[in-house]
Amino acid sequence: MAPILEGRNIRLRPPCADDADVRVALGNHAEIAGMYGVNSGDVKPITQEGATAWLQWLIDHPHAWIIEINGIFAGEIRLDNVNRQDRRATMAIGINNPALLGKGFGTEAITVLLRHAFGEMGLHRIGIRVLAYNKRAIRAYEKCGFIVEGRERETAYVNGSWHDDIMMGLLDRDFSSLRPRD
C-alpha cells in the first residue's frame with residue numbers, strides 16, 4: 001500500500017471505498033477530459049460501475065494516490081512503469097474537480113510525489129507525456145523542474161484536429177537543486 005504523503009495544502013493517500021461515490025458525484029467534465037485527449041462528443045456521465053472499476057484499478061496499483069485538498073477529494077496521481085533496475089518511472093496526474101483547477105494544487109501534489117519518488121523510492125528519473133495544448137499541465141510540470149525533451153508530432157486526433165505530444169523529464173539531481181532541503 002502506498003504511504004500517506006503530506007504537503008502544505010494537499011494530502012496524497014491510498015484510495016478508499018468512499019472515493020467511488022465522490023468520483024460519481026464530481027462527474028465528467030468535457031474541459032478536463034479534453035486535456036487527456038478525449039473528444040468532447042465522447043465524454044459520457046460516469047456511472048457507479050465505472051467509478052467502482054476505476055477505484056479498484058487504483059487500489060490494485062502499487063504507486064497510486066488520491067489527492068485531497070484541505071480534506072476534499074480532488075483527483076489522483078500515480079507513478080506508472082516503475083523500473084527499479086533503471087530507477088525510473090512515468091507520472092500521471094488528474095484533478096477531477098474543476099473548482100480546484102488553476103490554483104497551484106496540482107503543482108503541490110506533483111512536488112510532494114517527486115519528493116517521495118526521488119527520496120524514499122530512490123528513483124533517478126521521472127518522465128511525463130502531455131498533449132501540447134494542455135498549457136496548464138505543462139506550466140505545472142515546468143514549475144516542478146521538468147524540461148521538454150521532445151515532441152511527438154500528431155499523436156492524438158482530438159475534436160477533429162491532430163495534436164502533438166510533449167515529452168518531459170526530470171532527474172533526481174535537478175529536482176534536489178530546485179528544492180530547499182526540509
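The chain is numbered in sequence order, starting from 1.
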key: Candidate pair Arg136 and Asn134, rule side chain to side chain contact (heavy atoms under 4.5 Å, CB included), full reasoning   = CA-CA 6 Å; Arg136 182 174 29 230; Asn134 192 345; 4.3 Å; yes
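- Placement of Phe73 and Ile93 in two distinct hydrophobic clusters is found when ILVMFWY residues are connected by side-chain heavy-atom separations under 4.5 Å, directly or transitively.
- Annotation: the span from Ile138 atom CD1 to Met168 atom CE amounts to 6.5 Å, rounded to 0.5 Å.
- With contacts defined as side-chain heavy-atom distances shorter than 4.5 Å, the pair Phe175/Ile126 does not qualify.
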key: Check against side chain to side chain donor-acceptor pair (under 3.5 Å), Asn81 and Thr90   = CA-CA 6 Å; Asn81 308 305; Thr90 58; 2.9 Å; yes
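- The hydrophobic cluster containing Ile77 does not contain Val22, counting ILVMFWY residues as joined when their side-chain heavy atoms lie under 4.5 angstrom apart, directly or transitively.
- Judged purely by atom type and a 3.5 angstrom limit, Arg23 uses its side chain to pair as donor or acceptor with the backbone of Gly27.
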task = Determine, step by step, whether Glu68 and Arg13 satisfy the salt bridge (charged side-chain N to carboxylate O under 4.0 Å, His left out) criterion, reporting the C-alpha distance in whole Å, the side-chain angles of both residues, the deciding distance to 0.1 Å, and the verdict.
result = CA-CA 8 Å; Glu68 281 185 354; Arg13 62 160 175 83; 2.5 Å; yes
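- Rounding to the nearest 0.5 Å places CZ of Arg125 at 11.0 Å from CZ of Arg173.
- Judged purely by atom type and a 3.5 angstrom limit, Asn83 uses its side chain to pair as donor or acceptor with the backbone of Gln85.
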task = Take Leu58 and Arg78 through the side chain to side chain contact (heavy atoms under 4.5 Å, CB included) test and state the conclusion after the steps.
result = CA-CA 9 Å; Leu58 283 182; Arg78 306 183 314 270; 4.0 Å; yes
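- Tracing side-chain contacts under 4.5 Å through hydrophobic residues (I, L, V, M, F, W, Y), one never reaches Leu171 starting from Leu79; they form parts of separate clusters.
- Ion pairing between Asp164 and Arg151 holds under the 4.0 Å rule for side-chain N and carboxylate O.
- Hydrophobic cluster membership differs between Tyr157 and Leu131, with clusters built from Ile, Leu, Val, Met, Phe, Trp and Tyr side chains linked at under 4.5 angstrom.
- Around the CD atom of Glu31, the shell of radius 6.0 Å holds no more than 12 heavy atoms that belong to other residues, nucleotides or ligands.
- In terms of heavy atoms, Ala2 sits closest to Ala64 at CB-O, 3.8 Å.
- Between the Trp65 side chain and the Pro3 main chain, a donor and an acceptor come within less than 3.5 Å of each other.
- Counted by atom type alone, Asn96 and Glu76 present zero donor-acceptor pairs between their side chains at under 3.5 Å.
- Taken to the nearest 0.5 Å, the NE2 atom of His63 stands 10.5 Å off from the CG atom of Leu113.
- The heavy-atom pair separating Ala109 from Leu12 by the smallest distance is O-CD1, 3.8 Å.
- Minimum interatomic distance between Pro15 and Leu55 (heavy atoms only, all atoms of both residues): CB-CD1, 3.5 Å.
- Looking at Lys103 and Glu108, no side-chain N of the basic residue comes within less than 4.0 Å of a carboxylate O on the acidic one, giving no salt bridge.
- At least one side-chain heavy atom of Phe146 sits under 4.5 Å from a side-chain heavy atom of Leu114.
- Distance check, rounded to the nearest 0.5 Å: SG of Cys144 to CE of Met91 gives 7.0 Å.
- Arg87 has a carboxylate O that lies under 4.0 Å from a charged side-chain N of Asp172, or vice versa, which qualifies the two as a salt bridge.
- Closest approach of Ile4 and Pro14 over heavy atoms only: CG1-CD, 3.8 Å.
- Ile67 CD1 to Asn97 CG: the interatomic distance, rounded to the nearest 0.5 Å, is 11.0 Å.
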inquiry  = Pair Ile166, Tyr141 - check side chain to side chain contact (heavy atoms under 4.5 Å, CB included), show working.
reply    = CA-CA 11 Å; Ile166 303 294; Tyr141 300 144; over 6 Å; no
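- In this structure, Phe105 has no ring pair (Phe, Tyr, Trp, His ring centres under 6.0 Å) partners at least two apart in sequence or on a different chain.
- For the pair Arg11/Ile69, no side-chain contact is recorded, criterion being any heavy-atom separation below 4.5 Å from C-beta on.
- Sorted by first and then second residue, the ring-ring contact (aromatic ring centres under 6.0 Å, His included) pairs involving residues 39-60 (not counting sequence neighbours) are Trp57-His61.
- The cluster map of Ile, Leu, Val, Met, Phe, Trp and Tyr, joined by side-chain heavy atoms under 4.5 Å apart, puts Ile110 and Leu101 in the same cluster.
- Between Asp19 atom CG and Ile66 atom CD1 the span is 4.0 Å, to the nearest 0.5 Å.
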request  = Verify side chain to side chain contact (heavy atoms under 4.5 Å, CB included) between Asn70 and Asn9, making sure each step is shown before the conclusion.
outcome  = CA-CA 6 Å; Asn70 300 318; Asn9 300 298; 4.1 Å; yes
